[in-house]
Amino acid sequence: MKLVRYGEIGHERPGLIDEAGVLRDLSSLVSDIAGKVLLPESLARLRAVDTEELLPVEGTPRLGACVGHVGKFVCIGLNYTDHALEAGLPIPEEPVIFMKPTSCIVGPNDNVEIPRGATKTDWEVELGIVIGKPAKYIAVEDAYAHVAGYCVVNDVSERGFQLERGGTWDKGKGCDTFGPIGPWLVTTDEIPDPQTLDMWLEVDGVRRQSGSTRTMIFDVPTLVSYVSQFMSLQPGDIITTGTPPGVGLGMKPPVYLTAGQTMRLSVSGLGVQEQRLVAAG
């Protein structure tokens, strides 16, 4: 299934995209794409529904973040060998974990705001893992059973805040609008192998990133298992898995985003995002 949330900010409704690409409303069955709705048994009930009986949604409404009420937004840094090298950092021996505050989450096509004082705002196309079954201390071989599905994430970053202001990376990762998610939450039955997905990102139509999840240092089950050793995972938590090479920081000389530009990005089978850059008010 391709699950979505649509409507104005703060008033999103649950929906799905049917096989013909038609957006259909799910609000007669669930209140949101969030929490217990992502449990395996809940997804199984939705999967059994005859989509022809669901009301189609007219027009082209705004799409919100494909998961509502996210509890934790866990990020993995330097998870592609080439990206670590372009950042001038050593290949990690264990996954690098940091967090993005959930207040940064926006819809896949919402504007991205360049914060006040920012001069090095950067892009990162990533595969996001959406947790469905809660647990902690998950074994690697059991990890897929805890995944509800996958989505596109743009891990927008302010490199000046991240790398030049002391402390952890979080201050350059968590600014408002720095977490576009979606357009779809694609359930695992449609993505049998998340390690074979191509991904790309363009800025103003110029291809900046081209990569594949094949080259991840730590794969999806390893990451789910690893993160669960340090925190419990709950339905609707998101783990975003790192970015391939081609970020602005790694260019010579570095190239960063400015107001008025447009980012467009995708991961195979998970849809396309598009965001316009705007200056902070």
Side-chain angles (χ1 to χ4, degrees), residues 3-14 31-38 62-77 96-131 134 148-185 227 230-243 256-257 259 263 265 273-281:
L3 301 174
V4 301
R5 300 171 68 249
Y6 70 95
E8 296 304 310
I9 296 173
H11 301 281
E12 292 89 350
R13 297 166 64 91
S31 60
D32 202 351
I33 307 300
K36 294 181 179 179
V37 172
L38 300 173
R62 168 189 173 269
L63 293 181
C66 58
V67 183
H69 308 291
V70 176
K72 292 188 288 297
F73 196 174
V74 185
C75 306
I76 307 299
V96 175
I97 296 177
F98 63 94
M99 309 286 281
K100 289 173 83 82
T102 57
S103 56
C104 80
I105 294 173
V106 291
N109 304 315
D110 290 344
N111 289 342
V112 166
E113 184 178 278
I114 297 176
R116 294 180 182 178
T119 58
K120 298 179 179 180
T121 304
D122 206 346
W123 56 84
E124 293 191 13
V125 59
E126 304 199 6
L127 169 69
I129 305 166
V130 181
I131 299 298
Y150 305 97
C151 63
V152 182
V153 175
N154 190 353
D155 177 20
V156 184
S157 308
E158 212 319 302
R159 304 301 188 189
F161 296 175
Q162 177 190 356
L163 302 173
E164 300 168 12
R165 299 287 295 272
T168 66
W169 289 358
D170 298 47
K171 66 183 70 174
K173 294 285 191 171
C175 303
D176 289 354
T177 73
F178 272 25
I181 295 173
W184 313 320
L185 189 174
V227 172
F230 306 100
M231 63 193 82
S232 62
L233 294 174
Q234 308 297 332
D237 287 349
I238 294 173
I239 303 173
T240 190
T241 58
T243 197
Y256 297 113
L257 296 163
M263 295 179 285
L265 57 149
Q273 297 186 359
E274 185 171 314
Q275 299 107 25
R276 183 173 180 270
L277 279 298
V278 298

Donor-acceptor pair between E126 and T240 side chains, under 3.5 angstrom:
yes
Side chains of Y6 and P14: closer than 4.5 Å at any heavy-atom pair?
no
Mind checking whether V130 and L38 have side chains closer than 4.5 Å, heavy atoms only?
yes
S157 (side chain) donor-acceptor with G172 (main chain) under 3.5 angstrom:
no
Which residues satisfy the ring-ring contact (aromatic ring centres under 6.0 Å, His included) test with F98, sequence neighbours excluded?
W169
Can any side-chain N or O of T241 pair as donor or acceptor with the backbone N or O of G128 at less than 3.5 Å?
no
In Å and rounded to the nearest 0.5 Å, what is the OH to CD1 distance from Y150 to I239?
10.5 Å
Is the backbone N or O of A65 less than 3.5 Å from a side-chain atom of R5, with the two atoms forming a donor-acceptor pair by type?
yes
Check: N111 and E113 side chains under 4.5 Å, non-hydrogen atoms
no
Quick check on side chain to side chain contact (heavy atoms under 4.5 Å, CB included): which of V4, I33, L3, V152 does W184 satisfy it with?
V4
Exercise: do Q273 and N154 side chains pair donor with acceptor under 3.5 Å:
no
Any salt bridge (charged side-chain N to carboxylate O under 4.0 Å, His left out) involving residues 63-72? Give me the pairs, sequence neighbours left out, ordered by first then second residue.
K72-D237
Only counting residues at least two apart or in another chain, list the ones meeting salt bridge (charged side-chain N to carboxylate O under 4.0 Å, His left out) with E158.
none
For atom NZ of K171, is the number of surrounding heavy atoms from other residues, nucleotides or ligands below 6.0 Å larger than 12?
yes
Going by the rule salt bridge (charged side-chain N to carboxylate O under 4.0 Å, His left out), which residues pair with E8 if we only count those two or more places apart in sequence or in a different chain?
none
If you round to the nearest 0.5 Å, how far is CG of D122 from NZ of K120?
11.0 Å
Beyond-backbone contact of F73 with C104, side-chain heavy atoms, under 4.5 angstrom
yes
Stepwise side chain to side chain contact (heavy atoms under 4.5 Å, CB included) check, L265 with Q275:
CA-CA 9 Å; L265 57 149; Q275 299 107 25; 3.7 Å; yes
The test is side chain to side chain contact (heavy atoms under 4.5 Å, CB included); show your working for L257 and W123 and say whether it passes.
CA-CA 8 Å; L257 296 163; W123 56 84; 3.6 Å; yes
Any chance you could measure I181, atom CD1, to I238, atom CD1, to the nearest 0.5 Å?
3.5 Å
For R62, enumerate each residue passing the side chain to side chain donor-acceptor pair (under 3.5 Å) test, keeping only those at least two apart in sequence or located in another chain.
E12, D110
Please identify each residue that fulfils salt bridge (charged side-chain N to carboxylate O under 4.0 Å, His left out) with R13, with sequence neighbours left out.
D25
Any side-chain heavy-atom pair of C75 and I97 under 4.5 Å:
no
Any carboxylate oxygen within less than 4.0 angstrom of a Lys/Arg side-chain nitrogen, looking at D155 and K100?
yes
